[in-house]
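Data block below; observations after.
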4 protein chains.
Amino acid sequence: MTLTVRDGLRQEVLAANLAIPQVGLATLTWGNVSGVDRAAGVFVIKPSGVPYDDLSLDSLVTVRLADGAVVDGDLRPSTDTETHRCLYLAFPSIGGVTHTHSTHAVAFAQARRDIPVLGTTHADTFNGPIPCTPDLTAEQCAADYEYNTGRVIVDLLKSDDRKAAEVPAALVANHGPFTWGASARKSLEHAIICEAVADIAIHTLALIPTAPPPRHLLERHYTRKHGPDAYYGNPEVTAPAPSRSW
Amino acid sequence: MTLTVRDGLRQEVLAANLAIPQVGLATLTWGNVSGVDRAAGVFVIKPSGVPYDDLSLDSLVTVRLADGAVVDGDLRPSTDTETHRCLYLAFPSIGGVTHTHSTHAVAFAQARRDIPVLGTTHADTFNGPIPCTPDLTAEQCAADYEYNTGRVIVDLLKSDDRKAAEVPAALVANHGPFTWGASARKSLEHAIICEAVADIAIHTLALIPTAPPPRHLLERHYTRKHGPDAYYGNPEVTAPAPSRSW
Amino acid sequence: MTLTVRDGLRQEVLAANLAIPQVGLATLTWGNVSGVDRAAGVFVIKPSGVPYDDLSLDSLVTVRLADGAVVDGDLRPSTDTETHRCLYLAFPSIGGVTHTHSTHAVAFAQARRDIPVLGTTHADTFNGPIPCTPDLTAEQCAADYEYNTGRVIVDLLKSDDRKAAEVPAALVANHGPFTWGASARKSLEHAIICEAVADIAIHTLALIPTAPPPRHLLERHYTRKHGPDAYYGNPEVTAPAPSRSW
Amino acid sequence: MTLTVRDGLRQEVLAANLAIPQVGLATLTWGNVSGVDRAAGVFVIKPSGVPYDDLSLDSLVTVRLADGAVVDGDLRPSTDTETHRCLYLAFPSIGGVTHTHSTHAVAFAQARRDIPVLGTTHADTFNGPIPCTPDLTAEQCAADYEYNTGRVIVDLLKSDDRKAAEVPAALVANHGPFTWGASARKSLEHAIICEAVADIAIHTLALIPTAPPPRHLLERHYTRKHGPDAYYGNPEVTAPAPSRSW
């Protein structure tokens, strides 16, 4: 059975998955990216446990948003597929989701700490701390575990789509980061930034800062990149074709 | 004298040894991988002190399981050969052994601390802490030192083959990690993961987590990858030929 | 409208910007370098938000020193352009400016700590600590934010051009490092060294040194590389053409 | 004026200098290696301040052991030349010297701490802690500074050539590591290992080990690689030609 998704989606999802090891976000087969086609009611995701070197357009798996059924592809989708699906259903503005086990973001998840806003590198992308969920309960682990992994994120954000757009990342306690964005590529970019700010934050905390940054500085940085008054970037050149190298 | 081992074993052992510096697990000539042919009663291992750039199929050494005699190859085998042999003899399910001096795993070994289970990255592969042995005694160092290095691991695991399969790694106190698996390739994969979880654990401990992860979460992750109810991966694509790049 | 700048300036600015990701100083599009032509009253700078892979001579932007107007180039200049302009206006000896979000320098900026002089690696280049500015006030953030980011550096150095030449770097609180030098290439070199000494300093502070280094050692190192008695280097070979790889 | 040194020496010194940035031991032009020809009474060293990319056999400088005079080469030798010369004069068994500013070894030097023997990775090469010198006095900095930098190392080792052979590395307080060995290549290898053990030691100390390793283990590791009972390596294959890649 074959199903047509919008032009470029499969190429973008493939490129984003291939970029994960290139940018140093994952060991072995850890980490996966998906992208959604809301009109077709499906999303495209990495197959489970396949080495990045073996990925091709043909090995990607297409999954139905409504019930998680595989509608295209010969392989089993990522075990984290239900987490992606839960996030897509809860947050209508999301076009892509990335999950990695990147070192410093996982360290915060394992310490069950939010990544605090310690400077403009963080505030340029995330309008607040990257929050860490509470533990999943034994019941949440026993049945529909992967869907419930998305559920604790959705609950943490109180199902607020605007909040999800302003802080497009969360840490699942004792597990690791999930990030999202308007596209698969954007969700990957947020995963890269989440890891970078976690890395800097660990070094910062070791140097014992005495007080949080002033709120007006952080707001300035967020608003110069986001919203109606944004003036960062050259829009026509910052959206390269999905197949190019990152 | 030439001896035939099962098809692909020498290629797999060569590829796994060549991968050690590529994945950043060893400096200079440190680190070695072996693979066993139980039917032939021998294992194939890296020669001692040879730079990775000079390794070839011809330089590998074949050693008899029963007594450690070299039965094929012109070079002296790794000084750690007797440690590998001890592990093969104690644990019948092992098909390959890897030893490295990877930075973060050695730090735990030098601090004589187990690598604790701090999250799902660890639990996906290791069903419990990666244990650190007690010190070798002066007697254990004086004679059969390398065999005794295997012995302290075997004693730590109480010669339990199932335990060895569930936690395929140990740290020798003040020395470093030994890992094993169903094949040479798998033992290398466990060495990569052992180093990755040690790296994340050091960062996590610096962030001072307040409590261990819930047991139900860790069990869920281990069992979704291992045992009768495993549902991670696509078996037909996750066992690539040994000669391909990792 | 086209404007001619002195020979080699555009090539040097392009090469220095392309070097930023190569030397590991920036993630994604973070970081920018500019170079000035005092005679023409302009400086050349990276366009805003453009990936390093897409940079070319044609995408660089030329900005007027006097008022910040774009006088050549089709793209919007870096959002940090006004900070560069402020530094050029305050310090006549500066020929180039670099801004990055390099990990360890940003950690010091986020901890609002000067990078202390802990050894000769630092003293070889910087004749004193790399200072961290105070917080920008709400007023400084509300209007002319980027120009004021340069202003807090200029105020910190009391507009002293000689001081700027002796310590060609500063950290903006909760933001990151700005470095400068006699040329674009030199400002980049100082960014590389600023990050290296920040990295070493964090490890040093973790080892708890008990006292500062002796002043006579530090002075010796600074003066053997700088000033009338300098004897480090072979001048004829240490100024390679700007287009070569770093 | 041209002077003939023993076959292969210049090639070995060039290869060892080129390896410094490749193995990640130095930033920019920091770091230098030399090799000695005792029969000719000279040593060959890197020129001062020349980027590694520009090094060639022709740019190397030959210096007379007796008085430090340049006897061959058009460029000025490394500023650290007198330190190398001091070490060659004090320790007759030395064939090569390496100096770097590698991150973790410099951190120990800046903290003025010896790198302690925390495990077998260290004991495999160094038969004791890598010692850190006291501060140079103001007098030692004022005149013959670089020669005195060698002097504090020689004094620390009490001019003991056997001690220098057993622990072929020292840290100059607030400066960085100097290493040496039977050849230029061996001195570089010791610089690589010095940095690796410093890196592991910093992580180990952060994990708070409770007691030093047992002496019998460390002795066993040192003696299996060094001295009359050494059984590590395959001598015929561990001394590759100096011009090959490391």
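Letters A, B, ... are given to chains in the order of the sequence lines, protein chains preceding strands, and every chain is numbered from 1.
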Which pair of non-hydrogen atoms, one from [X] and one from [Y], has the smallest distance, and what is that distance?
X	Y	value
Thr79(B)	Tyr231(D)	CG2-O, 3.7 Å
Asn174(B)	Pro214(D)	OD1-CD, 3.7 Å
Ala138(B)	His216(D)	N-NE2, 3.3 Å
Ser48(B)	Gly233(D)	OG-N, 2.5 Å
Thr204(D)	Gln110(B)	OG1-NE2, 2.9 Å

Is it the side chain or the backbone of [X] that comes within 4.5 Å of chain D heavy atoms, both, or neither?
X	answer
Ser59(B)	neither
Tyr52(B)	neither
Glu146(B)	side chain
Leu28(B)	side chain
Ala173(B)	backbone

- Item | For Asp229(D), all residues meeting salt bridge (Lys or Arg N to Asp or Glu O under 4.0 Å), sequence neighbours excluded |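 None.
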- Item | More than 12 heavy atoms from other groups under 6.0 Å of NZ on Lys163(D) |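 Counting neighbours around NZ of Lys163(D), 12 or fewer heavy atoms of other residues, nucleotides or ligands fall under 6.0 Å, so no.
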- Message: Tell me if the CG atom of Asp67(B) is crowded by more than 12 foreign heavy atoms within 6.0 Å.
- Response: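 Check passes, neighbour count above 12.
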Separation between [atom1] of [X] and [atom2] of [Y], rounded to the nearest 0.5 Å:
X	Y	atom1	atom2	answer
Ile200(D)	Thr27(B)	CD1	OG1	7.0 Å
Trp30(B)	Ile193(D)	CH2	CD1	5.0 Å
Thr121(D)	His101(B)	OG1	NE2	4.5 Å

- In chain order, what residues pass the side chain to side chain donor-acceptor pair (under 3.5 Å) check against Ser183(D), with sequence neighbours excluded?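 Once residues adjacent in sequence are excluded, the partners of Ser183(D) under the side chain to side chain donor-acceptor pair (under 3.5 Å) criterion are Glu12(D).
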- Counting a contact as any heavy-atom pair under 4.5 Å apart, which residues of residues 217-224 of chain D contact chain B?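 Listed by number, the contacting residues are Leu217(D), Arg220(D), His221(D), Arg224(D).
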- Task: List in chain and number order the residues that pass ring pair (Phe, Tyr, Trp, His ring centres under 6.0 Å) with His104(B), two or more places apart in sequence or in another chain; answer none if no residue qualifies.
- Result: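 His104(B): ring pair (Phe, Tyr, Trp, His ring centres under 6.0 Å) contacts with His203(D).
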- Message: Looking at chain D, which one of Ala107(B), Pro47(B), Gly176(B), Ser78(B) has the largest number of heavy-atom pairs inside 4.5 Å, strictly under?
- Response: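 Looking at each option in turn, the highest pair count goes to Ala107(B).
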